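Report on the following structure.
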Amino acid sequence: MIAALLINLLRLLLLPVSALRWAFAAPRGGYVVLEIDGRVVDLQPPRVRLALWWRPRQRAPLSVERVRELGKHLMKDPRPAGLLLRMRSVHAGPAVIASLRDALLEIRAGGKDIVAYLPMGADNTMLLLASAARAVVVGPETLVSPLGFAVEGRYVRRALEQVGVEPEVFAKGMYKNAGEVLVRDAMSEAQREQVGALLDARFADLIASLAQGRRVDRETAARWIDEAPYGAEQAVARGIVDAVAYEDELEHMLATGLLPGTISPRRAQGDAGGGARAAAHPARTRLVSAARYLGARRALSMRPMWPRAIIGVVEVHGAIVSRARFRGASLASEERLVASLRAARQNPRIRGVILHIDSPGGSALASDRIHHEVTRLAEVKPVVACMSNVAASGGYYVAAAAHAIVAQPQTITGSIGVVSARFALGPLLERLGVSTDVVKRGARADLFSPSRRLDAGERSVMERELDAIYGTFLRVVARGRRRPVEEIEPLAQGRVYSGAEAQARGLVDMLGGFERALHELRQMIGPTASAIEPTIVRASRYIPPPPLLPAPVPTLLELVGLRGLAGEVALAIHCEGERVLAYCGEAAELD
């Protein structure tokens, strides 16, 4: 309270300066410029309070939360004409892109103009975002490439055979594909089916967005994709974009109202000619950066003097592990998440919690413990799971305990199934001249030794364990979805779904992003919750558990899992000695 009082006193003293700063933050008829260059996330990451000189501060990613804040101020401010999107590159998953596009469409619906400027050209993602704008301008000599989506699988059975490594894969669920890259030479029909369904969803979304944004029918938008790529001038001629311009020409076009449409023949006299034209048209639209605009607006606000009710946000981001052994890794640590969930449960100011999930799963043991804490939290406070790009396998397991699940249509979710894999290195060791001799007490004391294959009895044990684990997973989902296991089992089988497919099958309650989840949670809290703002909850210290549940929650057994060969080294390091439940990410990246 003392800190808030001092800050408010300082802001009161500086109020005349802040008011003057706000007066000049956005002149009438100007545009606020939002730079998009790099990573985009749903939620604003916490600020780094201290930057060490040997570790230069990295630029924070753009968040959809910040864009929504910008939009709310813009729609209330009559001075700026609109928003200028300057997009050089965009790195984000399909669900985040959908949320960002929704935020831009809300700004347009609120009466503000949006112009997209793509100086480096455009790919699928950039055109998808730009379709929310009234006019789209690209830089000269660039490519416009709405190529669609493709998935490639790498199958290494023969390579492992040549080096003498024998994989043994056990799977429960015909769509649980994580191990097939080790034992097959081509994609299975089940994998082709589910990947094809995900591609269909993303392809249909791209076509619909282009058709809506560029005001053409779907057949035309589909033809644009099939005949891509295009040079900048070709894209203008086809109607995919409105104009080609350098940045200084863009400012003139905004000032003189030349958009949408094409500009006069450019570069007829080379670069010098372009400079001459700029000099001949001195009219310029004043542009103000979004950071300056928001900074001026925030300087006018006062800190609350007394603690207020808040909505807690607990982030489950990255592979789920019991303990993050190295700092900086993008991992959902059980230690941190359990502490955060307990803190949210015990803090009386937190009226409800949004579980923000962007995870393919990971450690089965950690997933079960996190699920247990979500269950405990849901006993006393409303909990809504908000799925971002991926919330599959262990990620879906964690979400199942929430009162409601929200996902974007492009979210990858499901993967309710079990897979385990092990490698027998005996042939490789023989080729290297390494012999193995074993002394043991207990018929299966060397069950997990990599030097030999499993015998028939040991394989039956593994199969029996998978059956038990699969049954537990089904019961967890059935309990969370309030449906009998018999209805869940046909939807499981390890299959992944888009958010839209999952919603149609009852695995997801509603479609939308973080704002939809926030609205739903406020509805659960009650009519007084409309002004309650979300705050990320991150507890790093140990917090004792609350009293025991009246009835125990079934525990998910551990298993050895494989997410594919495309770089899951971090998961293996952080889950050493544990079994892993995770969705294979082969179908997660569809570009």
Side-chain angles (χ1 to χ4, degrees), residues 26 30-48 51 55-71 74 80 82-105 107 112-147 206 209 213 229 232 235 240-251 253-254 285-295 317 330 358 388-389 513 589 591:
Y31 280 76
V32 175
V33 181
L34 179 64
E35 299 278 355
I36 303 180
D37 186 10
R39 195 159 65 96
V40 182
V41 295
D42 273 321
L43 305 176
Q44 189 71 31
R47 295 179 181 178
V48 178
R55 292 179 60 187
R57 180 180 296 178
Q58 296 181 347
R59 184 176 62 179
L62 175 68
S63 70
V64 179
E65 178 187 16
R66 182 169 179 263
V67 176
R68 288 191 179 276
E69 179 190 1
L70 175 63
L74 278 175
L83 182 68
L84 173 62
L85 296 177
R86 187 182 288 129
M87 295 189 288
R88 297 180 64 88
S89 66
V90 183
H91 304 295
V96 172
I97 293 298
S99 295
L100 180 55
R101 186 174 185 273
D102 289 343
L104 296 174
L105 289 174
I107 295 174
K112 292 299 180 180
D113 186 29
I114 297 182
V115 175
Y117 180 52
L118 290 67
M120 309 302 293
D123 57 10
N124 293 326
T125 300
M126 297 180 76
L127 275 180
L128 192 71
L129 283 178
S131 68
R134 173 184 62 87
V136 182
V137 184
V138 296
E141 311 303 331
T142 58
L143 277 180
V144 177
S145 310
L147 299 176
L206 178 60
S209 298
I240 304 173
V241 301
D242 295 292
V244 181
Y246 292 105
E247 189 167 1
D248 59 335
E249 295 174 323
L250 174 68
E251 294 177 16
M253 295 164 73
L254 290 172
T285 293
R286 183 170 176 192
L287 305 178
V288 177
S289 72
R292 178 182 172 187
Y293 182 82
L294 280 177
H317 291 178
S330 179
D358 193 357
S388 186
N389 299 307
E589 297 296 333
D591 287 319

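Bear in mind the structure is a predicted one, so any value in this text is a computation, not a measurement. We're numbering straight along the sequence, starting at 1.
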Donor-acceptor under 3.5 Å (Asp42 side chain, Val64 main chain): no
Heavy-atom pair of closest approach, residues Val41 and Pro61: CG2-CG, 4.1 Å
Glu69: side-chain hydrogen bond (donor to acceptor under 3.5 Å, both in side chains) partners, not counting sequence neighbours: Arg298
Side-chain heavy-atom pair Leu129, Leu85 within 4.5 angstrom cut-off: no
Closest non-hydrogen atom pair between Ala135 and Asp242, with its separation: CA-OD2, 3.1 Å
For Ser63, side-chain hydrogen bond (donor to acceptor under 3.5 Å, both in side chains) partners two or more places apart: Gln44
Beyond-backbone contact of Leu118 with Thr142, side-chain heavy atoms, under 4.5 angstrom: no
Side-chain touch Leu287/Leu254, heavy atoms, less than 4.5 angstrom: yes
Ala132: partners by side chain to side chain contact (heavy atoms under 4.5 Å, CB included), with sequence neighbours left out: Arg101, Leu104, Leu105
Tyr293 side, atom OH; Leu70 side, atom CG - distance, nearest 0.5 Å: 7.0 Å
Minimum-distance pair of heavy atoms, taken over all atoms of Ala103 and Val67: CB-CG1, 4.2 Å
Partner set under side-chain hydrogen bond (donor to acceptor under 3.5 Å, both in side chains) for Arg86, not counting sequence neighbours: Glu35, Glu247
Non-neighbouring partners of Asp102 that pass salt bridge (Lys or Arg N to Asp or Glu O under 4.0 Å), sequence neighbours left out: none
Heavy-atom closest pair, residues Ala95 and Ser388: CB-O, 3.2 Å
Steps toward side-chain contact (heavy atoms from CB on, under 4.5 Å) verdict (Lys112, Leu83): CA-CA 7 Å; Lys112 292 299 180 180; Leu83 182 68; over 6 Å; no
Working for side-chain contact (heavy atoms from CB on, under 4.5 Å), residues Val90 and Leu100: CA-CA 11 Å; Val90 183; Leu100 180 55; 5.6 Å; no
Any side-chain heavy-atom pair of Met87 and Val136 under 4.5 Å: no
Approximate separation, where rounding is to 0.5 Å, of Glu65 CD and Ser99 OG: 12.0 Å
Shortest non-hydrogen contact between Leu250 and Tyr117, atoms and distance: CD2-CG, 3.4 Å
Smallest separation among heavy atoms of Ala290 and Val32, with atom names: CA-CG1, 3.6 Å
Pairwise distance OG(Ser131) to CD1(Ile240) - rounded to 0.5 angstrom: 12.5 Å
By side-chain hydrogen bond (donor to acceptor under 3.5 Å, both in side chains) - contacts of Asp113 (at least two apart): Tyr31, Arg134
